[in-house]
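Read through the structure below, which is laid out as structure tokens, and then see the notes.
These figures come from a predicted structure and were not determined experimentally.
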Amino acid sequence: MAIEQDVLVIGGGLAGVTAAVSTARTGADVRLVSYKQPTLRHASGLIDVLGYTPDGEGPLVDPFAALATLPEGHPYERVGEDAVRAGLTLFDDLADGTYEGNHTERNALIPTQGGRVKPTARYPASAAAGLASDERDALLVGFERLVGFDAPLSAARLNAAGAPFAARGATVEFPAELSADPKVTRFAHLLDRDEAGGDGPEGSVRRALAERVATHLDGEKRIGFPAVLGDDHPEAVRADLEAHLGVDVFEVPMGPPSLPGLRLEDRLYDALDAEGVRIETGNPVVGYEAGPDGDRIAAVTVDRNGATVPYAAEQFVLATGGLVGKGIETDRAGVAEPIFDCHVAHPPDRYDWFDDDAFGDHRFARFGVDPDRELRPRDARGEVEFDNLRAAGAVLGHYDFTAEKSGSGVSLATGFHAGRLAGENT
């Protein structure tokens, strides 16, 4: 017998979580199924809306001012500005004060691990003292055994880019015993516990770290650390370091695995629980069963250790990701969406999928399903493929989230829109 719910969301990333919460708030019964661990842990934890236009203009000061200029088919053009704002409002609610940026429509400029500056709409409170628009000089601190953050190099790049403050970099030995190649979570957990193992007074790792860093301070009013300042208690870790050092402390977002991403994942999945969303992970959705007329989906099939189990619903949301998340697949035969076989437009010649210039216009970056304004995927003729299927997030086509710095915003806007419409149509 089929497992039944009003709405089934496929995918556990930001778009899937947003869709599930948005659906649940309409009063519908929701289940979220995800094969792999959420992609949130691989992201920086920054929530971007639009940093650059598709033709490369930017960094944008006001992302909302550019929405009306986007080409037809872009996810933002499909759902409209109201959905973009509603998605951000929903995120602000779920973040519950742990993120900043909702006081303005302007992008904030956040320094990242490579000494680059990223325009973003929302950022963790732990990064707030590090804004590139802040004119206070900054000391960046790296750790000897944390290879993902070269503080002197990052500082040099910020200075070369013309940041309105002077940046210096220093590298210190972390004051606790570590393996040759420790994980970022190891640093975080040592700072969380702040117990014996440090070489400072009473074994305090936080105090010992502050004492080592203090010798490098030369009048700077803020210090940037790699984003490893605690997992369970990041606010307490940062507050202690600020108290010991007498200056503001901020985290510099890093690549995967990302502590800010992990923290956000935990918060969002707690929100799913609070909304009554049922969650299943580890089993892939491998196909679907169409209704008698072929224009609706009756159920999807889930592979549970070799046994195929049907999951029936009135409405479905596809949020499986793009090429990176395997929500869109490619081979020598072409490009495909693997669950529902939704149409994905692409040039027949594989050599037309990319540009010879590494930084050129790569068509593969915009591969995805083509939705109508209710986010229902359309076929090659522009006809809706299934009345009760909607798509959200990176599985959508017609935009390059890497170049535009728009991935999180598209996930929030389309997740909100798809989830609300799914819930209202049950």
Donor on one side chain, acceptor on other, H343 and E383, under 3.5 Å: no
Within the 6.0 Å centroid threshold, strictly below: Y288 and F386: yes
Atom of L209, atom of L241 and distance for their closest heavy-atom approach: CD2-CD2, 4.3 Å
Minimum-distance pair of heavy atoms, taken over all atoms of A129 and D134: O-OD2, 4.0 Å
Donor + acceptor pair across side chains of Q315, R390 (<3.5 Å): yes
Electrostatic pair R31:D6 at N-O distance under 4.0 angstrom: no
Ionic contact status for E220 with R168, cut-off 4.0 Å: yes
Over 12 foreign heavy atoms within 6.0 Å of OH, Y52: yes
Atom CD of E57: over 12 foreign heavy atoms under 6.0 Å: no
Proximity of Y99 and F91 rings by center, below 6.0 Å: yes
Side-chain donor-acceptor contact under 3.5 Å, E81 with Y76: no
Criterion salt bridge (Lys or Arg N to Asp or Glu O under 4.0 Å) on D400 and R366, from CA distance to verdict: CA-CA 5 Å; D400 181 348; R366 298 190 297 276; 5.4 Å; no
Ionic contact status for R296 with E289, cut-off 4.0 Å: no
Taking every non-hydrogen atom, the tightest pair across R206 and D240: NH1-OD2, 2.8 Å
L50 CG to S406 OG distance, which is reported to the nearest 0.5 Å: 6.0 Å
Atom OH of Y311: over 12 foreign heavy atoms under 6.0 Å: yes
Closest contact, heavy atoms only, L140 versus A151: O-CB, 3.4 Å
For D248, salt bridge (charged side-chain N to carboxylate O under 4.0 Å, His left out) partners two or more places apart: R136
Closest heavy-atom pair and its distance - G51, N107: CA-ND2, 4.2 Å
Geometric class of the F225/F143 ring pair [parallel <30°, tilted 30-60°, perpendicular >60°]: tilted
Greater than 12 external heavy atoms within 6.0 Å of R145's CZ: yes
Under-4.0 Å salt bridge between R78 and D372: no
Cation over ring face, R85 and F64, 6.0 Å, 45°: yes
Test log, rule side chain to side chain contact (heavy atoms under 4.5 Å, CB included), inputs N283 and V33: CA-CA 8 Å; N283 298 309; V33 294; over 6 Å; no
Criterion side chain to side chain contact (heavy atoms under 4.5 Å, CB included) on R122 and D92, from CA distance to verdict: CA-CA 9 Å; R122 300 290 188 272; D92 292 336; 2.8 Å; yes
Where Y123 and A108 come nearest, the two heavy atoms and their spacing: CE2-CB, 3.5 Å
Residues E374, R420: salt bridge by 4.0 Å N-O rule: no
Salt-bridge present (D93, R25; N to O < 4.0 Å): yes
Salt-bridge present (R263, E251; N to O < 4.0 Å): yes
Residues T23, E275; criterion side chain to side chain contact (heavy atoms under 4.5 Å, CB included); working and verdict: CA-CA 10 Å; T23 303; E275 297 289 344; over 6 Å; no
